[in-house]
Number of protein chains: 2
Amino acid sequence: MSVLSEARPACSEGFTPKTVVFQPDRPLLTDGGGRIAPLAIAYETRGTLNAARSNAILLCHALTGDQYAAGVNPVTGKPGWWEAMVGPGKPFDTDRYFLICSNVVGGCMGTTGPASINPTTGKPYGVDFPVVTIRDMVRAQAMLIDHLGIETLFCVAGGSMGGMQVLQWAASYPERVFSAMPIATAAKHSAQNIAFHEVGRQAVMADPDWRSGRYQEQGVRPEKGLAVARMSAHITYLSEAALQRKFGRKLQDRSAPTFSFDADFQVENYLRYQGLAFVERFDANSYLFVTRACDYFDLAADYGGSLAMAFKDTKTRFCVVSFTSDWLYPTSDSRAIVHALNAGGASVSFVEIESDKGHDAFLLHEPMFIATTRGFLDSAANARGLAPDGSSK
Amino acid sequence: MSVLSEARPACSEGFTPKTVVFQPDRPLLTDGGGRIAPLAIAYETRGTLNAARSNAILLCHALTGDQYAAGVNPVTGKPGWWEAMVGPGKPFDTDRYFLICSNVVGGCMGTTGPASINPTTGKPYGVDFPVVTIRDMVRAQAMLIDHLGIETLFCVAGGSMGGMQVLQWAASYPERVFSAMPIATAAKHSAQNIAFHEVGRQAVMADPDWRSGRYQEQGVRPEKGLAVARMSAHITYLSEAALQRKFGRKLQDRSAPTFSFDADFQVENYLRYQGLAFVERFDANSYLFVTRACDYFDLAADYGGSLAMAFKDTKTRFCVVSFTSDWLYPTSDSRAIVHALNAGGASVSFVEIESDKGHDAFLLHEPMFIATTRGFLDSAANARGLAPDGSSK
């Protein structure tokens, strides 16, 4: 099997970042007719795989997330994106489960993406990288799960774009998914979702330093365009109420407006900071590709327009979660998933969590969300025959 | 009186665009400590002022609107922005009322703004133009109304930023406003409102062709940045439901996605068109100034934090209108205005109109809105003693 495992330097205490590279005889063939080879997948694991290989959970990250769900992210120096949920004694309990999180294909944190070298040209792919779909991301993850010798995942969980991957996993590989948690997500991107993503892409492509996607070769980066894209997107991650509570019309280190275009208001300063911090850690072309993957996501379309057919006769146990103030993927999107699962006869619980924190609530310390996740996983673990220490009973 | 009225060429049948220029001995002194002189105000009138000068209505335009509320806009060749509402037999009935609409100060359709010549330097103001407020816009309008010899306006009406001007008129000049219609608006800009505007400004300023605001002198225009700003803002003008109904996930003149960054989806194509059309008619620096004016708007702040005090003992009759699917200035913003008016003892009716068209509903043909406006104006006209032909009874 032509797989080369190359360990990368340890970056943070308590885990070893890993990359598996699939050689050209095992290419990733994409929905769009592309071929990605070699394919590197950067991933992290936490906890211990039990002898029966039955306690593995795959965490799927959101748009600009990465494999660093917990611990310290070595790139940003900040806590992982799901620090609230992953760790010893937390819902995704590393004392009980074996947790896997990989960077999506098209990403920029070690998995092959537009910044990787195109073997045909010896130069970075740039926009010649194949446009990938959520299903392509899941196909790549399945290659990783095969590589790890895991037949059936105890759970696949994720929010936002991660939730789309969860749904795709359950549809594409129902026999490999014992339980699934699609969180704050949708089975298809709406016109408004596409519109916001298109604004972000146009902001990147409007930056002359984007250089038609060939900026790497020319030693520049479309930082201003990418920052604007992030600022625009960031508004959609927060509720109006959260912005109002956090910032309102408060001024930034001044007692009166300056009658200028300075960041008089705290919310302006906050957004500018979000834009600047983002360009430090994310690749502009990757942003184009991951947003595009979401826009193309329409799970029902692959099943004759019927979302219920995507989950026909599924044995997977589902827990669908939405948040009341999420206007990016509102509860109605989750309800549509639940209706389809019910129509398909699936085992499904649905929890709408009261929160005024908007879409990003799934990343934050939300007690009801934590309790819901713990309860669902406990119940599924019992059904799966997992002991409290993660061993197979 | 040092006012020079200079007629500009007629541009469209049925009206004569006009500009009044206030000379330096009558400067506009701004809230930010600026001085604008000379001050040109471009305006249009329709209908006939009655002998008692008691049938004048001032229409206040929104962010990127202009003085061309009705008829054919000579710049775009398209109908005026309030064509649905203004004309013979329409709610703002040109057979009964004398309608005035002027371009705001800071605008780019003939009124003095950042693209005008700074008399101190002989070059365009650019970002050296004084940052203006909604109150400055209203001060300039009051100069125009004085010039027209009108003591009391029968009505001041407008939506969005136009509605802010209505509120400011009622607060600053209560004795000059017989009736007022603030529509789809707010008494202050929220954190989310400011955030969206800041994204737009950053998009403009990120464009290297903005040249720190001095693009006019250098023969370029920040068209890409301004187009991105417009795309972002445009999403906020429509409801999610309207976008879904109009576009959904429909593809643009193709039967399958292209797996590229082309405008596969109709909504992408629509947004790109909105961006391109906007830069044809609007000045980038003006966009910075008008968005800033909205952000600074917080009417209560000028009255010790009490919005009710802004309308204390007012005799103006109010009709406040909101639209159910407007998420830019939601009904709660209108309710706050109504509560303040009630607390101030004002005569106020409040109508929330069921519509799924979002913020832009106020510009569209909405039968309930048309009926509401007609009813309010008829009742106010009776109270004012206006005959059906507009004469004073």
Side-chain angles (χ1 to χ4, degrees), chain A residues 30-34 127 130-133 188-192 194-196 198-199 201-203 205-209 224-225 227-228 231-232 234-235 238-240 243-250 257-261 263-268 270-272 275 288 292 295-296 298 301 327 330, chain B residues 30-34 127 130-133 188-192 194-196 198-199 201-203 205-209 224-225 227-228 231-232 234-235 238-240 243-250 257-261 263-268 270-272 275 288 292 295-296 298 301 327 330:
Chain A
T30 68
D31 279 337
V127 285
V131 166
V132 291
T133 62
K188 68 177 173 204
H189 238 212
S190 72
Q192 193 186 64
I194 297 170
F196 274 115
E198 173 66 0
V199 166
R201 288 190 294 264
Q202 290 295 321
M205 298 196 272
D207 189 328
D209 283 343
K224 288 185 173 178
V228 169
M231 290 173 65
S232 166
H234 197 81
I235 301 174
L238 306 176
S239 69
E240 202 272 342
L243 276 171
Q244 200 61 28
R245 188 185 58 240
K246 204 165 176 178
F247 305 108
R249 295 180 51 80
K250 277 182 277 193
T258 61
F259 294 97
S260 75
F261 298 106
D264 271 1
F265 295 102
Q266 286 185 11
V267 68
E268 293 177 298
Y270 171 76
L271 276 186
R272 291 184 192 184
L288 303 183
R292 202 53 167 161
D295 292 351
Y296 279 147
D298 181 4
W327 59 278
Chain B
T30 69
D31 278 339
V127 286
V131 165
V132 291
T133 62
K188 68 177 171 203
H189 239 212
S190 72
Q192 191 186 64
I194 296 170
F196 275 115
E198 174 66 0
V199 167
R201 286 189 295 263
Q202 289 294 319
M205 297 195 272
D207 189 328
D209 283 343
K224 288 185 172 179
V228 168
M231 290 173 64
S232 166
H234 198 81
I235 301 174
L238 305 177
S239 68
E240 203 273 341
L243 276 171
Q244 199 61 28
R245 189 185 59 238
K246 202 165 176 178
F247 305 109
R249 295 181 50 80
K250 278 181 278 191
T258 60
F259 294 98
S260 75
F261 298 107
D264 272 1
F265 295 102
Q266 286 185 11
V267 68
E268 295 177 297
Y270 171 77
L271 277 185
R272 291 185 192 183
L288 303 182
R292 202 53 167 160
D295 292 351
Y296 278 147
D298 181 3
W327 59 277

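What you see is a predicted model; the values in this text were computed from it and never measured.
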Contact class of [X] relative to chain B, heavy atoms under 4.5 angstrom:
{"X": "A:Asp31", "answer": "both"}
{"X": "A:His189", "answer": "both"}
{"X": "A:Val127", "answer": "side chain"}
{"X": "A:Thr30", "answer": "neither"}
{"X": "A:Val199", "answer": "both"}

Q. Which region of B:Tyr270, side chain (C-beta onward) or backbone (N, CA, C, O), has a non-hydrogen atom less than 4.5 Å from a non-hydrogen atom of chain A, or is it both or neither?
A.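 Contact with chain A involves no heavy atom of B:Tyr270 at all.
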**Q.** Proximal component of B:Leu271, with respect to chain A [non-hydrogen, under 4.5 Å]
**A.**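 B:Leu271 touches chain A through side-chain heavy atoms alone.
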Q: Quick one: which of A:Ile235, A:Leu243, A:Val132 has the most heavy-atom pairs under 4.5 Å with chain B, could you say?
A: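 So the answer, after comparing A:Ile235, A:Leu243, A:Val132, is A:Ile235.
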Q: Could you tell me which of A:Met231, A:Gln192, A:Arg201, A:Arg292 has the largest number of non-hydrogen atom pairs under 4.5 Å with chain B?
A: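 Looking at each of A:Met231, A:Gln192, A:Arg201, A:Arg292 in turn, A:Arg292 comes out on top.
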Among [options], which has the most heavy-atom pairs under 4.5 Å with chain A?
{"options": "B:Lys188, B:Arg272, B:Gln244, B:Lys250", "value": "B:Arg272"}
{"options": "B:Gly275, B:Ser232, B:Gly33, B:Gly34", "value": "B:Ser232"}
{"options": "B:Gln202, B:His234, B:Gln266", "value": "B:Gln202"}
{"options": "B:Asp209, B:Leu238, B:Asp207, B:Asp264", "value": "B:Asp264"}

Q: Return the minimal non-hydrogen interatomic distance between A:Val228 and B:Ala206, and the atom names on each side.
A: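 A:Val228 and B:Ala206 have their closest heavy atoms at CG2-CB, 4.2 Å.
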Q: Determine the minimum heavy-atom distance between A:Phe247 and B:Ala191, stating which atoms define it.
A: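 Looking at all heavy atoms of both residues, the closest pair is CB-CB, 4.4 Å.
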Q) If we only count heavy atoms from C-beta on, is the B:Glu240 to B:Trp327 side-chain gap below 4.5 Å? A)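 A side-chain contact under 4.5 Å is absent here.
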Q. Nearest 0.5 Å, what's the CZ-CG distance between B:Phe261 and A:Asp295?
A.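 It is 9.5 Å, given to the nearest 0.5 Å.
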**Q.** Atom pair OH/CD1 of B:Tyr296 and B:Ile194 - distance to nearest 0.5 Å
**A.**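 Spacing of OH (B:Tyr296) from CD1 (B:Ile194) equals 10.0 Å.
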